[in-house]
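Presented below is the structure to which this report refers.
Both backbone and side-chain heavy atoms feed into the values below; hydrogens, waters and symmetry mates do not.
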Amino acid sequence: MIEGECFCGAVQYRIDGELIHARSCHCSRCRKAFSGAGSAYAELADPGSFSWVRGAENLQAYASQPDWGLMFCKTCGTTLCGTHKDQVHGVTLGTLNGDPGIQIEAHIFVGSKAPWDHIGGSAPQFDTWQT
């Protein structure tokens, strides 16, 4: 079981399954949405494995494009997850508690990363979408 929460602890979630396709996106949109060098995000292997444990009423949804969006804690602003067609698609790795058993497998949109961003680690880097 994988668990996570927002910065203030008002919202908690649980995943009774695995995460897949962990990646970090360095595009300008992710830098703004995640308030940093980019996103660190992994998809749910089984979308049905995700559940809100506490604080679902404290969530704010934002549609970033048709059918796709993000969910935030209304209190502290933590970006918790991504959605697709109103269902949780994946979670932000920074909100996880403990070791989720997955590591970043790719850095995407490195061609538009911030000039102050220096990417470490051995994961492959792609100028645009992972190919």
Side-chain angles (χ1 to χ4, degrees):
M1 180 179 337
I2 300 169
E3 296 178 322
E5 62 190 340
C6 65
F7 180 67
C8 71
V11 181
Q12 293 181 329
Y13 63 84
R14 176 179 299 134
I15 302 166
D16 293 315
E18 297 180 28
L19 295 172
I20 57 173
H21 306 306
R23 60 189 169 268
S24 182
C25 179
H26 298 267
C27 76
S28 62
R29 292 171 49 95
C30 283
R31 288 196 307 272
K32 292 185 186 314
F34 294 86
S35 301
S39 64
Y41 183 85
E43 298 174 19
L44 301 169
D46 172 15
S49 67
F50 183 91
S51 60
W52 297 109
V53 174
R54 180 173 74 206
E57 70 282 354
N58 205 45
L59 290 167
Q60 178 66 50
Y62 173 73
S64 56
Q65 53 187 312
D67 294 331
W68 293 93
L70 299 169
M71 296 189 87
F72 306 86
C73 172
K74 288 181 186 178
T75 302
C76 65
T78 299
T79 305
L80 291 155
C81 65
T83 59
H84 182 248
K85 296 184 178 180
D86 297 323
Q87 185 174 25
V88 175
H89 173 268
V91 296
T92 57
L93 296 177
T95 63
L96 297 172
N97 297 331
D99 182 359
I102 193 168
Q103 293 186 12
I104 297 290
E105 63 185 44
H107 293 273
I108 58 175
F109 292 96
V110 172
S112 63
K113 72 177 182 66
W116 44 262
D117 183 7
H118 298 281
I119 300 170
S122 60
Q125 299 180 24
F126 300 90
D127 279 344
T128 58
W129 183 251
Q130 182 178 347
T131 55

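Of all heavy-atom pairs between A45 and P47, the closest is O-CD, 4.0 Å. Between L70 and T83, the shortest heavy-atom distance links the atoms N-OG1, 4.1 Å. The two residues C8 and C76 come nearest to each other via the heavy atoms N-SG, 3.5 Å. The nearest pair of heavy atoms linking A37 to W116 is CA-CH2, 3.7 Å.
Under the 30°/60° scheme for interplanar angles, the aromatic rings of W68 and H89 are found to stand perpendicular.
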Worksheet item: What do the steps show when you test D117 against H26 for side chain to side chain donor-acceptor pair (under 3.5 Å), and what is the final call?
Response: CA-CA 9 Å; D117 183 7; H26 298 267; 2.7 Å; yes
Worksheet entry | Pair E105-H21, side-chain contact (heavy atoms from CB on, under 4.5 Å): steps then yes or no | CA-CA 7 Å; E105 63 185 44; H21 306 306; 3.5 Å; yes
Item to complete: Begin with the C-alpha distance, continue with both residues' side-chain angles, and end with the deciding distance and a verdict on side-chain contact (heavy atoms from CB on, under 4.5 Å) for L19 and L96.
Response: CA-CA 11 Å; L19 295 172; L96 297 172; 3.9 Å; yes
Item to complete: Determine, step by step, whether W52 and V88 satisfy the side-chain contact (heavy atoms from CB on, under 4.5 Å) criterion, reporting the C-alpha distance in whole Å, the side-chain angles of both residues, the deciding distance to 0.1 Å, and the verdict.
Response: CA-CA 10 Å; W52 297 109; V88 175; 4.1 Å; yes
Item to complete: Please lay out, stage by stage, how E3 and V53 fare under the test side-chain contact (heavy atoms from CB on, under 4.5 Å).
Response: CA-CA 9 Å; E3 296 178 322; V53 174; 5.7 Å; no
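The distance from the CG atom of N97 to the CE atom of M1 is 12.0 Å, given to the nearest 0.5 Å. With rounding to the nearest 0.5 Å, the separation of SG in C73 from CD in Q12 is 11.0 Å. Taking SG from C81 and CG from L59, the interatomic distance works out to 7.0 Å, rounded to the nearest 0.5 Å. The structure places SG of C27 at 7.5 Å from CD1 of I108, a figure rounded to the nearest 0.5 Å. Atom SG in C6 sits 13.0 Å away from atom NZ in K74 (nearest 0.5 Å).
Other residues, nucleotides and ligands place no more than 12 heavy atoms under 6.0 Å from the CG atom of D86. For Q103, the CD atom sits in a loose shell: 12 or fewer heavy atoms of surrounding residues, nucleotides or ligands are nearer than 6.0 Å. Heavy-atom contacts from other residues, nucleotides or ligands closer than 6.0 Å to CD of E18 number 12 or fewer.
Between the side chain of T79 and the backbone N or O of F34 there is no donor-acceptor pair closer than 3.5 Å. In this structure, the side chain of S24 engages the main chain of S39 through a donor-acceptor pair within 3.5 Å. Side chain of T92 to main chain of L80: a donor-acceptor pair is present (N/O by atom type, distance under 3.5 Å, no hydrogens or angles). Between the side chain of Y41 and the main chain of G90, a donor-acceptor pair closer than 3.5 Å is present.
Residue I102 is grouped with residue I104 when hydrophobic side chains (ILVMFWY) are merged at heavy-atom distances under 4.5 angstrom, including chains of intermediate members. Cluster annotation: V11 is connected to M71 through the hydrophobic network of ILVMFWY side chains, with a link wherever side-chain heavy atoms come within less than 4.5 Å. Side-chain heavy atoms closer than 4.5 Å link hydrophobic residues (I, L, V, M, F, W, Y) into clusters, and following such links, possibly through other members, connects L44 to L93.
Residues V110 and F126 fail the side-chain proximity criterion, which asks for heavy atoms closer than 4.5 Å. Side-chain contact between I119 and Q125 is present, with at least one heavy-atom pair separated by less than 4.5 Å. Using a 4.5 Å heavy-atom cutoff, the side chains of T95 and E5 are not in contact.
For R23 and E43, the salt-bridge test passes: some basic side-chain N is under 4.0 Å from an acidic carboxylate O.
T75 is linked by a side chain to side chain donor-acceptor pair (under 3.5 Å) to N58, counting only residues two or more places apart in sequence or in another chain.
The distance between the ring centers of Y13 and F50 falls below 6.0 angstrom.
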